[in-house]
Enquirer: 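Can you keep this structure in mind? I'll have questions shortly.
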Amino acid sequence: MKFGGTSVEDSAAIGRLVDIVRGRLEKKPVIVVSALSGVTSELYKIADLASKGEFESAVKILSSISARHRTICIELIPEEDKFRNNCLEELTSLMDGLGEIVRVISILTELSDRSLARIVSYGELLSSCLIFNVLKKSGVSCAYIDAREFMITDQDYLKGEPVIDEIKRRVPGLLSGELLRHGTLITQGFISSSKDGIGTILGRGGSDYSASLIGMATGAEEIEIWTDVDGVHTADPRYVNNTKSITSLSFEEAAEMAYFGAKVLHPYTIQPAIEKNIPVRVLNSRRPDHAGTLILPDNKINGDGVKAITFKECMTVINIFSTRMLNAIGFLNRVFELFSKYKISVDLISTSEVNVSVTVECGIDLREIITELSAFSTVTVRNDMSQISVVGKNLKNLRGTCKNVFGSLGEYQIYMISQGASEINLSFVVSRSDLGPVLHTLHNDLFNK
Ligand code: ADP
Ligand code: ASP
Ligand code: MG
């Protein structure tokens, strides 16, 4: 069971978590927690301030993080209870450790990826310590295991690639015994460690991925992602009105949605579930009785057609054109070798013999790759673009998909279209300023008619 930031954000949310866990004790759940909502972003901010030597400003945020956790501890654990003192002492010791790192970085004004990973991992260390003590005080027999003991990644400190074999090797020994002894255990999402014990993280939103990796390695019956919406919706309810919760999705559909921007799941969440055919359920911790969305193996899901709209708001379109390459073998190869060389991940591609258009996420430094591409082609770059994807089983083979999708979008300029790479996704690019109206129109047209 993974609880995201909003599902642990305050005393009320953690109270709900305890009730949800109590209702599932007979299943011997592994509880995976995120940092309290907003804390990870604050920790990034603290690291940034420290790297500029702005220690006093960093300390202000540190103090408010500390106060927030202590207040919840005091609100949820009565004074006479031994777990209150345990909790406050452990929180103090964690905050002291973090304060020390921030102080040193402020003096050195130097922040490596490794130090940044260390700083931001405190969000989950604090939340798991707090929630562990609250669970114990509530009479839940629970073990605590530091995820860095089993969630092993390569040495990419900020976006560690899980070493699956190592995780599979470590998890049963560490987790199963504790589960048998205590009935349940709590650990952190997001944080991990390299084989030689240096702290890494899985990247933003990574707790979902942690949960599904643990689900895979323990052979769980189900992976539950508890969040702040009634499951996966037909579009992001924060951007689009009248979205509906989707009852069931196939692994492929859910993975495609996550990969193409549906923030409700980290892009890699579904991969580990596929390996062992483990159902994934997305649930609302504010409305635990709602059935949410059940994500199942592809052969268990019937029903073709559009299921959802996802988007990536900030994208760049790179157009690479070269008439000299007409009839020349190897143009595409040359182009994509460069993307690989600069480790730039390409989202959509559309090609003709002399032209390649690709989308990449914005914020990537493109100067060097453009210089190299320009040696054999004419490169144009469009910033401030948005990418929209329509996802659903067997879209490619259904008649009328394009008409249904583009029929209502006549007044908007479409810069690029890509279909067919996957049977279940039709993606296109509009200017960022059109994103809101296009999403609204498309959603209305596809789901509310
Ligand atoms: P958590 O802290 O629980 O991990 P996130 O904020 O990462 O929560 O993810 C939940 C949010 O994902 C929702 O509040 C919603 O705004 C957003 N979201 C984006 N696309 C979708 C979608 N298709 N269905 C549901 N939620 C979505
Ligand atoms: N706390 C981390 C983040 O905010 C991981 C997560 O919540 O999934 O990115
Ligand atoms: Mg999330």
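Just follow the structure's listing: the first ligand is 1, and inside any ligand the first atom is 1.
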Enquirer: Could you tell me which residues satisfy side-chain hydrogen bond (donor to acceptor under 3.5 Å, both in side chains) with K168, sequence neighbours excluded, listed by chain and number?
Expert: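 Scan of K168 (side-chain hydrogen bond (donor to acceptor under 3.5 Å, both in side chains), adjacent residues dropped) gives E275.
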Enquirer: Which ligand 1 atoms does V232 reach within 4.0 Å, using its non-hydrogen atoms?
Expert: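 Reading through ligand 1 atom by atom, the close ones are 24 (N).
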Enquirer: To the closest 0.5 Å, what do you measure between OH (Y268) and CG (D208)?
Expert: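 Y268 OH to D208 CG: 13.5 Å, rounded to 0.5 Å.
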Enquirer: N or O contacts of ligand 2 with protein under 3.5 Å, please list pair by pair.
Expert:
{"unit_1": "ligand 2", "atom_1": "1 (N)", "unit_2": "T40", "atom_2": "OG1", "d": "2.8"}
{"unit_1": "ligand 2", "atom_1": "1 (N)", "unit_2": "E124", "atom_2": "OE2", "d": "2.7"}
{"unit_1": "ligand 2", "atom_1": "4 (O)", "unit_2": "T40", "atom_2": "OG1", "d": "3.4"}
{"unit_1": "ligand 2", "atom_1": "4 (O)", "unit_2": "R204", "atom_2": "NH2", "d": "3.0"}
{"unit_1": "ligand 2", "atom_1": "7 (O)", "unit_2": "S34", "atom_2": "OG", "d": "3.1"}
{"unit_1": "ligand 2", "atom_1": "8 (O)", "unit_2": "G205", "atom_2": "O", "d": "3.4"}
{"unit_1": "ligand 2", "atom_1": "8 (O)", "unit_2": "G206", "atom_2": "N", "d": "3.4"}
{"unit_1": "ligand 2", "atom_1": "8 (O)", "unit_2": "S207", "atom_2": "N", "d": "3.1"}
{"unit_1": "ligand 2", "atom_1": "8 (O)", "unit_2": "S207", "atom_2": "OG", "d": "3.2"}
{"unit_1": "ligand 2", "atom_1": "9 (O)", "unit_2": "R204", "atom_2": "NE", "d": "2.7"}
{"unit_1": "ligand 2", "atom_1": "9 (O)", "unit_2": "G205", "atom_2": "N", "d": "2.8"}

Enquirer: Near R238, which atoms of ligand 1 are under 4.0 Å from a heavy atom of that residue?
Expert: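 Result: 6 (O), 11 (C), 13 (C), 14 (O), 16 (O).
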Enquirer: Is the closest N or O pair between G5 and ligand 1 shorter than 3.5 Å?
Expert: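 Yes, at least one N or O pair falls under 3.5 Å.
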Enquirer: Report the nearest protein non-hydrogen atom to atom 4 (O) of ligand 1: residue, atom name, distance rounded to 0.1 Å.
Expert: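 Its nearest protein heavy-atom neighbour is K2 NZ, 3.0 Å.
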Enquirer: Which bit of V229 is near ligand 1, meaning a heavy atom under 4.0 Å away: side chain, backbone, both or neither?
Expert: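 Side chain only; the backbone of V229 stays clear of ligand 1.
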Enquirer: For atom 12 (O) of ligand 1, tell me which residue out of N284, D236, I225, V264 has the closest non-hydrogen atom.
Expert: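 Minimum heavy-atom distance to atom 12 (O) of ligand 1 goes to V264.
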Enquirer: So, the side chain of T153 versus the backbone of G160: is there a donor-acceptor pair under 3.5 Å, distance only?
Expert: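 Pair absent, no side-chain N/O of T153 close to backbone of G160.
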Enquirer: Could you check atom 6 (O) of ligand 1 against the protein and tell me its nearest heavy-atom contact, residue, atom and distance included?
Expert: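 Here the nearest protein heavy atom works out to K263 NZ, 3.2 Å.
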Enquirer: Yes or no: does A235 have any heavy atom under 4.0 Å from an atom of ligand 1?
Expert: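 Contact check A235 vs ligand 1: positive.
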Enquirer: Salt bridge (Lys or Arg N to Asp or Glu O under 4.0 Å), that's the test. Do E9 and R286 meet it? Break it down for me.
Expert: CA-CA 12 Å; E9 66 187 348; R286 294 200 179 114; 3.3 Å; yes
Enquirer: Show me which atoms of ligand 1 lie under 4.0 Å from any heavy atom of D228.
Expert: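 Close to D228: 10 (C), 11 (C), 13 (C), 14 (O).
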Enquirer: Determine, stepwise, if the pair R238 / K263 fulfils side-chain contact (heavy atoms from CB on, under 4.5 Å).
Expert: CA-CA 11 Å; R238 265 184 238 172; K263 204 195 143 209; 4.1 Å; yes
Enquirer: Please could you name the atoms of ligand 1 that M257 approaches to less than 4.0 Å, counting only its heavy atoms?
Expert: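 Counting atoms of ligand 1 from 1, those under 4.0 Å from M257 are 23 (N).
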Enquirer: Give yes when the SG atoms of C73 and C87 are nearer than 2.5 Å, otherwise give no.
Expert: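 In this structure, C73 and C87 share no disulfide.
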Enquirer: About how many Å separate CG of D156 and CG of L202, when rounded to the nearest 0.5 Å?
Expert: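 Result: 10.5 Å between the selected atoms.
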Enquirer: Tell me, please, which residues at least two apart from K300 pass side chain to side chain contact (heavy atoms under 4.5 Å, CB included).
Expert: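 Expected list: L296, P297.
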Enquirer: Hey, what do you get for CE (M1) to CD1 (I186), rounding to the nearest 0.5 Å?
Expert: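 Reported to 0.5 Å precision, the distance equals 11.0 Å.
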Enquirer: To the nearest 0.5 Å, tell me how far I131 CD1 sits from E124 CD.
Expert: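 Rounded to the nearest 0.5 Å, the CD1-CD separation comes out at 9.5 Å.
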Enquirer: To the nearest 0.1 Å, how far is atom 24 (N) of ligand 1 from its closest protein heavy atom, and which atom is that?
Expert: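 For this ligand atom, the closest protein heavy atom is H233 N, 2.8 Å.
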Enquirer: So, taking the atom named NE2 in H182 and the one named SG in C142, what distance separates them when rounded to the nearest 0.5 Å?
Expert: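 With rounding to 0.5 Å, NE2 (H182) is 8.5 Å from SG (C142).
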Enquirer: Taking 4.0 angstrom as the limit and counting only heavy atoms of P237, give me the atoms of ligand 1 inside it, by number and element.
Expert: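 In order of number, 25 (C), 26 (N), 27 (C).
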Enquirer: Using the test disulfide (SG to SG under 2.5 Å), find all partners of C402 that sit at least two apart in sequence or belong to another chain.
Expert: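 None.
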Enquirer: Heavy atom of H266 under 4.0 Å from ligand 1?
Expert: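 It does not, in that no heavy atom of H266 comes within the 4.0 Å cut-off of ligand 1.
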Enquirer: Name the option, out of T227, L36, D208, T234, that contains the heavy atom nearest to atom 10 (C) of ligand 1.
Expert: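 Nearest heavy atom to atom 10 (C) of ligand 1 lies in T227.
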Enquirer: Would you please determine whether G231 falls within less than 4.0 Å of ligand 1 on a heavy-atom basis?
Expert: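 Checking ligand 1 against G231, which is what was asked, there is a heavy-atom contact under 4.0 Å.
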Enquirer: Per the side-chain hydrogen bond (donor to acceptor under 3.5 Å, both in side chains) rule, which among R382, Q387, K312 passes with T359?
Expert: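 Output: one option passes, namely Q387.
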